**Q** 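Okay, here's the structure, questions in a sec.
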Amino acid sequence: MKSSGNSRPSLGAGRFRGNGGLEESGWTFRKLLDSLPVPTYTCDREGLITSYNERAVEAWGRTPRLNDPADRFCGAYRLYDTDGTLLPPDRCWMALALRGDSECRGGEIIVEREDGTRRTVMENICPLHDHAGELIGAVNVIEDITDLRLAEQALRDADRKKDDFLALLAHELRNPLAPLRNALHLLSLDNNTETSRKRAQGMMERQVEQMVRLLDDLMDAARIARGKLVLQKERIDITNVVLNAIEDVRPLIQQSGHRLEVKLPPGPIYVDGDSVRLGQVFANLLTNAAKFMPAGGDIWVGAVQREEEFVVVVRDSGIGIPAEMLDRIFEPFTLVDSTEHRAHGGLGVGLSLARGMLELHGGGVDATSSGPGLGSAFTVVLPTLPSTEQPEAMPIPRIRRIPGVNRQRILVVEDNADSAISMVLMLELMGHEAKAANDGLAAMSLAEDFRPDVVLLDIGLPGVDGYELATMMREQPWGQRIFIIALTGWGHDEARRRAVAAGIDLHMVKPVEPAAVESLLAGLQRNIS
Ligand code: ADP
């Protein structure tokens with residue numbers, strides 16, 4: 001049993017003295033007992049209860065029985081030590097205090113009430129004496145610390161889950177590093193053939209893509225948890241979204257030798273949704289179906305329109321999901337703990353993201369499985385829009401016009417020298433003229449001479465940060481007509497708002513895809529021609 005000893009506040013000068021005895025202490029003692037905000041009772045030296053307050057009745061779950069041997073040392077209850085072992089009543093804190101004529105401060109014990117509920121309490125016992133100093137009983141002031149202990153346990157569980165997650169994250173982030181390192185080594189060899197160079201490059205692209213996806217998922221999970229995920233909702237044909245997701249995952253399905261059968265009702269079926277986010281949901285379900293299945297399995301995608309709902313089922317003949325995990329797999333960072341499932345890695349964020357995104361659309365997703373080895377099915381439900389309404393026109397993005405040159409002058413402002421150089425090289429390969437500056441002041445003086453058409457601006461710069469630099473550039477005569485693209489590691493709304501306020505035209509989350517930069521620059525050129 002645990003006693004917190006001196007850390008607890010004192011009950012008085014060691015002895016609770018009545019007016020010669022409990023019976024004689026009169027209304028002062030009674031009033032004191034009733035005014036205490038915690039369960040309190042007294043007993044005689046044999047442990048028979050002699051008085052109690054209302055709080056004690058609540059804590060007991062019934063009225064304590066006065067002078068009744070059944071309630072002696074709480075004998076009507078099961079008592080447990082903090083480690084969970086059953087404790088005989090005559091070894092409870094009250095029995096020990098009476099036997100030793102000693103105080104007990106903060107003695108912890110678990111009490112199982114008659115209705116089976118368990119409470120963890122902390123007891124503060126003070127022996128009582130008569131005029132002659134003879135022990136006549138004791139008073140016990142009890143604190144119910146059940147909620148505190150539960151909260152502590154929850155914190156410990158969360159802490160363990162965090163440690164498990166960090167270990168998993170480290171593992172998942174380290175996974176792509178070995179192939180990346182090998183590919184770099186391959187590229188550095190003199191006897192490199194064109195084929196081996198291309199293979200190494202392909203390998204690096206795949207691994208970088210995997211890391212980017214992992215980090216994007218993590219950031220989305222954080223946004224959903226904080227209620228910060230902003231959807232770009234519009235009237236969209238959901239059948240198209242499903243078909244596009246299938247096309248995205250088809251290479252993986254084919255690589256694994258799976259068969260795919262798709263049965264969708266004829267579109268369009270409209271929902272008010274974010275096509276990118278919903279596409280992500282279906283791609284995730286299809287990727288999981290392809291992943292958690294031995295080669296040569298079957299995937300079925302079926303959908304129906306039911307009254308005002310669109311229902312899609314993604315079913316596979318894979319390794320299946322144990323019944324007790326069917327709901328839990330939608331919790332963030334939760335994986336099925338089996339060798340077969342673990343073999344596929346992952347952080348366990350995909351399904352929690354899918355459910356979060358569907359709920360933001362007023363829909364949901366559930367899983368069923370006949371058990372391990374018997375495949376799984378995921379059912380997505382989304383509310384539909386009436387088909388009679390005409391689709392709204394697509395919003396036209398605001399793009400600032402820039403001078404009509406094919407070859408654009410691009411200033412890269414980035415403090416990481418490797419990132420800056422690789423970006424400049426990439427832009428030059430795309431046919432542009434590019435220069436790099438590593439901080440804000442260098443960027444300003446370079447821009448004076450270079451007069452860029454486009455600035456690719458890192459926000460987290462030392463000294464003058466990206467927002468300040470953009471504002472400074474916009475104040476210059478030559479700064480009015482440049483197109484400023486902010487590249488940041490942060491995609492949250494606040495960053496976007498600050499970017500707009502600083503006169504930044506576009507905000508891209510790092511690491512940006514070279515293809516995305518290329519098509520953006522081409523788009524800028526088209527806009528001016
Ligand atoms: P991750 O993002 O790591 O892929 P998910 O959240 O998508 O994780 O999935 C969580 C877990 O649910 C997976 O690790 C796997 O154990 C289980 N799971 C998901 N889809 C399937 C499926 N189609 N078949 C069997 N298990 C699945």
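Bear in mind the structure is a predicted one, so any value in this text is a computation, not a measurement.
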**Q** Under the side-chain hydrogen bond (donor to acceptor under 3.5 Å, both in side chains) definition, can you give me all pairs with a residue in residues 311-323, not counting sequence neighbours?
**A**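 Every pair satisfying side-chain hydrogen bond (donor to acceptor under 3.5 Å, both in side chains) with a residue in residues 311-323: there are none.
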**Q** Got a sec, which residues hit side-chain hydrogen bond (donor to acceptor under 3.5 Å, both in side chains) with Glu468, two or more places apart in sequence or on another chain?
**A**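 side-chain hydrogen bond (donor to acceptor under 3.5 Å, both in side chains) check on Glu468 returns nothing, list empty.
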**Q** Counting neighbours of CZ on Arg174 that are heavy atoms of other residues, nucleotides or ligands and sit closer than 6.0 Å, is the number greater than 12?
**A**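 No - once you tally the heavy atoms of other residues, nucleotides and ligands closer than 6.0 Å, there are 12 at most.
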**Q** Answer yes when Arg213 and Asp216 have at least one side-chain N-carboxylate O distance shorter than 4.0 Å, and no when they do not.
**A**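 Judged by the 4.0 Å cut-off on N to carboxylate O distance, Arg213 and Asp216 do not form a salt bridge.
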**Q** Hey, are Asp157 and Gln153 close enough side-chain-wise for a donor-acceptor pair under 3.5 Å?
**A**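 Indeed, the side chains of Gln153 and Asp157 share at least one donor-acceptor pair under 3.5 Å.
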**Q** Quick one: sort the Phe378 and Phe330 rings into parallel, tilted or perpendicular, breaks at 30° and 60°.
**A**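 Phe378 and Phe330: perpendicular rings.
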**Q** Salt-bridged, Arg259 to Glu261, with N to O below 4.0 Å?
**A**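 A salt bridge is absent here (no side-chain N lies under 4.0 Å from a carboxylate O).
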**Q** Partners of Thr195 by side-chain hydrogen bond (donor to acceptor under 3.5 Å, both in side chains), sequence neighbours excluded?
**A**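 By the side-chain hydrogen bond (donor to acceptor under 3.5 Å, both in side chains) rule, Thr195 matches no residue at all.
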**Q** So which heavy atom on Ala367 is nearest to which on Ile329, and how close?
**A**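 Shortest heavy-atom separation between Ala367 and Ile329 comes out as CB-CD1, 4.2 Å.
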**Q** Which residues pass the side-chain hydrogen bond (donor to acceptor under 3.5 Å, both in side chains) test with Asp439, sequence neighbours left out?
**A**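 For Asp439 there are no side-chain hydrogen bond (donor to acceptor under 3.5 Å, both in side chains) partners, ignoring immediate neighbours.
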**Q** If we only count heavy atoms from C-beta on, is the His361 to Leu278 side-chain gap below 4.5 Å?
**A**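 His361 vs Leu278: side chains touch.
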**Q** Does some side-chain heavy atom of Phe282 sit less than 4.5 Å from a side-chain heavy atom of Ile238?
**A**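 Yes; the side chains approach each other to less than 4.5 Å.
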**Q** Taking salt bridge (Lys or Arg N to Asp or Glu O under 4.0 Å) as the cut-off, I'd like each qualifying pair that reaches into residues 274-292, sequence neighbours left out, listed once.
**A**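 Every salt bridge (Lys or Arg N to Asp or Glu O under 4.0 Å) pair that includes a residue of residues 274-292, provided the two are not neighbours, is Asp220-Arg277.
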**Q** Among residues two or more places apart or on two chains, list those pairs meeting ring pair (Phe, Tyr, Trp, His ring centres under 6.0 Å) that have a residue in residues 290-309.
**A**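 For residues 290-309, and leaving out neighbouring residues, the ring pair (Phe, Tyr, Trp, His ring centres under 6.0 Å) pairs sorted by first residue read Phe292-His341, Phe292-His344.
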